[in-house]
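Shown next, in structure tokens, is the structure this report addresses.
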Amino acid sequence: MDANMKAAHTGKTIVLAAVCLAGLMMPLSFTGPAVATPAIARDLGGSPVALAWVVNAFVLAFGSFVLAAGTLAQEFEGPARTRAFSLLGTTFGVGLAFGPIWSGLLIEHFGWRSIFLTGAVIGALVLLFGVPRMRETRDPDARGMDGWGTLTFTVALSLLIFGIVTGPQYGWTGTATLALLGAALAMLAAFVAIELKRARPMLDLSLFRYPRFVGVQLLPLATAVCYVVLLILLPIGFIGVEGYSELKAGMMMIPLSLPMAIVPFLAGLLARRYPAGALSAGGLVIAAAGLAWLATMPVGQQSMAIIWPMLLIGIGTGLPWGLMDDLSVSVVPKERAGMATGIFSTMRLAGEAVALAAAAALLLALAALTVAAALAAWLLLSPATSGKGVRADACTTHGA
């Protein structure tokens with residue numbers, strides 16, 4: 001190997017390391033704020049709607065720009081790209097598995113701000129070592145980044161999420177909620193119109209003519225509901241309801257997150273013998289069974305029995321998690337694989353953002369109903385009113 005080839009190989013290795021480091025930061029950006037949300041609330045206050053944006057803002061930003069990023073330069077091709085994606089997926093799984101513990105340690109010893117400082121340090125390292133070595137491989141027929149498409153898509157997703165999160169607060173038929181959702185639909189229509197007019201669109205809508213491609217887009221939504229929502233909300237429940245410390249809450253997340261470092265790799269091996277679609281469907285059935293089991297667990301009693309349904313959910317979700325990226329490109333012609341990857345990544349992050357917003361809205365609605373029911377029970381049983389109620393019943397009984 002001559003000096004030039006060796007230098008090129010070293011550059012690719014550093015670029016891959018930088019990308020994997022960024023991939024490690026991404027799950028930390030999910031799990032860290034989730035574990036830190038109770039501490040942030042204690043320190044800064046804030047309504048449940050405002051606190052929900054601690055996580056939603058990151059998911060929204062990532063989901064909005066990943067589609068545009070899919071049109072920029074790529075470093076690996078062929079089998080090297082496959083190996084690179086495999087390593088990136090493993091790194092992502094490690095971040096998911098150990099992110100809650102790392103977050104708990106940081107919060108316990110250095111405070112919740114250290115979580116965001118960690119992300120800044122990792123990002124600085126990626127920019128310092130990775131970006132200068134990334135060479136441009138522009139498509140000669142490319143028209144540059146689609147600014148108007150990116151803007152309208154981001155605004156549409158923002159309005160949709162904001163409308164879902166604030167729905168319980170203003171009412172689903174309230175003027176503010178309907179205005180937000182209506183504006184989201186209008187911006188989405190504008191985005192579609194912009195993409196249809198472009199010769200080289202950021203989002204090639206013709207791919208949705210493939211029924212199997214449309215079906216694959218539902219897989220990340222399913223994994224978001226089964227897994228990502230729990231990844232964000234369970235630590236808040238462990239800390240706020242069960243009374244665990246941030247560190248113990250992070251440790252309690254291991255049964256849910258650890259399978260993500262192992263099962264996706266095993267799913268890839270199983271896919272050599274069994275259809276990837278069948279494995280994905282079977283995994284979702286397993287995850288659904290785990291969710292049903294989790295729903296029977298007592299709340300507020302610090303039961304360790306909860307780890308078993310969490311483990312089942314993690315194993316079940318890990319099967320489609322490790323297969324759906326490849327499925328997204330295998331169901332379209334090879335020459336459309338790059339666009340399919342970009343669309344799938346965008347749908348994945350957008351689906352997670354919407355799922356998180358919907359889960360937060362559902363929790364707010366249930367909390368409001370619980371408070372109302374508790375208040376009604378208190379009014380019926382309180383000494384100030386119960387006597388009047390008894391006397392009224394007595395008068396009615398005796399015909400007075």
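In this text, all values refer to a predicted model and were calculated from it rather than measured experimentally. Atom set for the values below is all heavy atoms of this structure, side chains included, hydrogens, waters and symmetry mates excluded.
Heavy atoms only, all atoms of each residue included: V229 and V225 are closest at CB-O, 4.0 Å. Nearest heavy atom pair, residue W172 against residue L178, reads O-CD2, 3.7 Å. The two residues I239 and A249 make their nearest non-hydrogen contact at CG1-CB, 3.6 Å. Closest of all the heavy-atom pairs between A276 and L323 is O-CD1, 3.7 Å. Residues A305 and P309 come closest through the heavy atom pair O-CD, 3.2 Å. Nearest heavy-atom pair across A39 and I107 is CB-CG2, 4.5 Å.
Interatomic distance, CE of M253 versus CG of L230, reported as 7.0 Å (0.5 Å rounding). Separation of atoms CG (L160) and CG (L181) is listed at 6.5 Å; rounding is to 0.5 Å. Separating the CG atom in L218 from the OG atom in S280 is a distance of 12.0 Å, to the nearest 0.5 Å. From E242, atom CD reaches atom CD1 of I236 across 13.5 Å, with rounding to the nearest 0.5 Å. With values rounded to the nearest 0.5 angstrom, I115 atom CD1 is found 8.5 Å from E246 atom CD. Distance check, rounded to the nearest 0.5 Å: CG of L117 to CD1 of I122 gives 10.0 Å.
When side chains are defined from C-beta on, M251 does not count as touching Y244, because their heavy atoms never get closer than 4.5 Å. Contact of the K197 side chain with the V192 side chain is not registered, since no non-hydrogen atoms from C-beta on lie closer than 4.5 Å. At least one side-chain heavy atom of L247 sits less than 4.5 Å from a side-chain heavy atom of L105. Side-chain contact between K248 and F238: absent, with no pair of heavy atoms (C-beta onward) separated by less than 4.5 Å. Using a 4.5 Å heavy-atom cutoff, the side chains of W308 and L294 are not in contact. Using a 4.5 Å heavy-atom threshold, the side chains of M324 and P220 count as touching. Annotation: side chain of I194 is in contact with side chain of T152 (closest heavy-atom distance under 4.5 Å). Contact check for L284 versus P320: side-chain heavy atoms found under the 4.5 Å cut-off.
For F191 and W148, the ring centers sit 6.0 Å or farther from each other.
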Apply side chain to side chain contact (heavy atoms under 4.5 Å, CB included) to M187 and L151, showing your working.
CA-CA 9 Å; M187 293 305 296; L151 177 63; 5.9 Å; no
In sequence, state the C-alpha distance, the side-chain angles, and the governing distance for L256 and Y227, and then conclude on side chain to side chain contact (heavy atoms under 4.5 Å, CB included).
CA-CA 8 Å; L256 180 68; Y227 178 78; 3.7 Å; yes
Which is it for T173 and T177 under the side chain to side chain contact (heavy atoms under 4.5 Å, CB included) test, yes or no, and what are the steps along the way?
CA-CA 7 Å; T173 58; T177 303; over 6 Å; no
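Under the 4.5 Å side-chain heavy-atom criterion for Ile, Leu, Val, Met, Phe, Trp and Tyr, M297 and I307 are members of the same hydrophobic cluster. No single ILVMFWY cluster, assembled from side-chain heavy atoms under 4.5 Å apart, contains both L221 and L327.
Residue W293 qualifies as enclosed at atom CH2: its count of foreign heavy atoms under 6.0 Å is above 12.
When atom types are taken as modelled, the side chain of T118 and the backbone of S114 share a donor-acceptor pair closer than 3.5 angstrom. Side-chain atoms of S103 do not come within 3.5 Å of backbone N or O of V35 as any donor-acceptor pair. For T317 (side chain) and G314 (main-chain N/O), no donor-acceptor pair under 3.5 Å exists by modelled atom type.
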